[in-house]
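Keep in mind the model is a prediction, meaning the values are calculated, not measured. Residue numbers begin at 1 in each chain, while the letters A, B, ... track the order of the sequences.
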Number of protein chains: 2
Amino acid sequence: MKNIEIDEELYQYIVQHTQFIGESASSILRRLLSLENEQQPPIFSVEQLLDKGVASVVDRTSSDQLIGAKVVETQDINETVFNYVNKEELAMQRGAVGRFLLILAALYRGHAAQFSVVTEISGRDRLYFANTEQALAASGSSTKPRQIPDSPFWVMTNSNTTRKKMMLTKVANALGYSDEDAEKIRELL
Amino acid sequence: MKNIEIDEELYQYIVQHTQFIGESASSILRRLLSLENEQQPPIFSVEQLLDKGVASVVDRTSSDQLIGAKVVETQDINETVFNYVNKEELAMQRGAVGRFLLILAALYRGHAAQFSVVTEISGRDRLYFANTEQALAASGSSTKPRQIPDSPFWVMTNSNTTRKKMMLTKVANALGYSDEDAEKIRELL
DNA sequence: GATTCGATCGGAGGGATAGTTA
DNA sequence: TCTAACTATCCCTCCGATCGAA
């Protein structure tokens with residue numbers, strides 16, 4: 001992700017072309033510039049449902065007849081989601097925050113359709129995930145919200161590394177990962 | 001002015017539509033979006049207008065007699081050194097210091113044998129380059145020495161961006177680059 | 001008590017610019 | 001004295017460990 005500085009008027013122009021709540025600047029601009037656009041409205045994307053949706057749904061169910069499928073699907077998840085993680089990019093990050101965001105971005109890419117479940121993960125009084133910067137900021141003091149790259153979600157970032165790892169574990173579980181995989185994901189941080 | 005976050009690819013797309021040195025993101029975007037655009041190409045580039053820019057031109061005059069050799073070198077250099085610079089890695093750096101070190105590392109890789117000439121480049125009382133951290137630290141206060149990656153050399157890092165550019169120019173010249181190439185190198189920062 | 005959670009605050013990095021020197 | 005070059009202080013932002021609160 002890159003930050004660019006633009007003038008007020010141009011900013012307003014972009015904002016006015018938002019097509020769904022939480023749409024990122026990238027997404028809006030890509031549409032305006034007629035470029036390929038990955039980001040879709042979180043709920044209605046058919047493509048995402050077909051793509052990654054099945055795996056997570058299967059994973060999360062406790063239904064007997066799906067167990068066989070579950071094992072297989074789990075493999076796929078490992079192949080997909082872990083491929084989304086660019087190890088080099090990860091290693092290059094200066095601190096835990098950078099890695100944290102990269103990992104969450106990978107999880108989002110692999111589970112865009114289900115990702116809003118993370119919204120239920122929160123602390124005693126602070127929100128940990130939300131669709132807007134404001135929601136996080138309002139839920140505590142100095143929460144340091146950061147946008148999960150290429151996603152419409154924001155995370156609370158003002159915590160120690162241990163808690164960030166806990167958050168990753170919770171996210172992984174919420175998305176239906178086995179404990180072993182959740183552990184692997186946590187350890188990426 | 002507003003800051004917006006955009007993805008890497010979109011950023012590259014915008015950069016590629018730059019029409020003059022120093023053009024702002026707003027200006028480029030406005031052109032791409034067919035909006036009114038105030039910013040025009042400056043008569044002189046921004047860099048040239050900076051007071052320090054003039055100094056390095058003056059400083060260069062002492063290397064006149066090297067011109068013949070310089071021209072020949074230039075061909076080789078373009079093939080070697082610019083290949084050493086990983087543009088993506090460069091772009092990913094958070095600040096000027098990271099890029100500075102990366103560029104110097106590339107120059108070192110291309111000129112390891114002669115690189116110790118940079119040792120002659122220094123400020124009024126501070127050293128700019130040395131073989132040890134201590135040498136730099138001792139030559140001034142808060143010089144913030146940093147090792148040039150994968151090299152035995154250290155650089156002084158506590159300076160503004162303009163000076164870092166000057167340092168690059170001087171290094172390039174000391175290594176025998178033509179002024180045009182030195183300029184290209186400086187502009188990598 | 002023991003444990004979890006929050007957010008303050010110290011530390012590090014970066015670099016513009018005020019201030020100093022030649 | 002005046003100016004240009006150079007220095008390094010100081011302010012800003014980012015991080016995240018630590019310690020107080022719940």
Once you round to the nearest 0.5 Å, how far does OG1 of Thr143(B) lie from CD of Glu133(B)?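 Spacing of OG1 (Thr143(B)) from CD (Glu133(B)) equals 8.5 Å.
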
Spacing of CZ belonging to Phe115(B) relative to CG belonging to Asn131(B), to within rounding of 0.5 Å: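 Spacing of CZ (Phe115(B)) from CG (Asn131(B)) equals 10.5 Å.
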
Give [X] one of three labels, base, sugar-phosphate or nothing, depending on what nucleic acid heavy atoms sit under 4.0 Å from its own.
| X | result |
| --- | --- |
| Ser142(B) | base |
| Met166(A) | sugar-phosphate |
| Phe100(A) | nothing |

Just compare dG16(D), dG6(C), dA8(D) and give me whichever is closest to any side-chain atom of Lys164(A).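 Nearest to the side-chain atoms of Lys164(A), counting from C-beta on, is dG16(D).
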
Considering only side-chain heavy atoms of Arg124(A), which listed nucleotide, dG6(C), dA8(D), dT7(D), is closest?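 Selected nucleotide: dG6(C).
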
Starting at atom [atom1] of [X], determine the distance to atom [atom2] of [N], rounded to an integer number of angstrom.
| X | N | atom1 | atom2 | value |
| --- | --- | --- | --- | --- |
| Tyr128(A) | dA7(C) | OH | C1' | 12 Å |
| Lys144(B) | dC6(D) | NZ | P | 20 Å |
| Asp125(A) | dC5(C) | CG | P | 10 Å |
| Leu127(A) | dA7(C) | CG | P | 12 Å |
| Gln93(B) | dG14(C) | CD | C1' | 13 Å |
| Met167(B) | dC6(D) | CE | C1' | 12 Å |
| Lys165(B) | dG15(C) | NZ | C1' | 13 Å |
| Leu189(B) | dA16(C) | CG | C1' | 15 Å |

Contact summary for [X] and [Y], nearest pair of heavy atoms:
| X | Y | result |
| --- | --- | --- |
| Leu10(A) | Leu29(B) | CD2-CB, 3.8 Å |
| Lys164(B) | Val97(B) | CE-CG2, 3.9 Å |
| Glu187(B) | Lys165(B) | OE1-NZ, 4.3 Å |

Side-chain N or O of [X] less than 4.0 angstrom from OP1 or OP2 on [N]?
| X | N | result |
| --- | --- | --- |
| Thr157(A) | dC15(D) | no |
| Arg126(B) | dT7(D) | yes |
| Thr143(B) | dT7(D) | no |
| Arg94(B) | dG15(C) | no |
| Thr161(A) | dA17(D) | yes |
| Arg146(B) | dG14(C) | yes |
| Arg163(A) | dC5(C) | yes |

With ring centroids as reference points, do Phe129(A) and Phe153(A) lie under 6.0 angstrom apart?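 Ring centroids of Phe129(A) and Phe153(A) are no less than 6.0 Å from each other.
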
So, does the side chain of Asn160(A) form a donor-acceptor pair with the base of dT18(D) at under 3.5 Å?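 Donor-acceptor pair under 3.5 Å: yes.
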
So, under a plain 3.5 Å distance rule, would you say the side chain of Asn158(B) forms a donor-acceptor pair with the base of dT9(D)?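 Yes, a donor-acceptor pair under 3.5 Å.
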
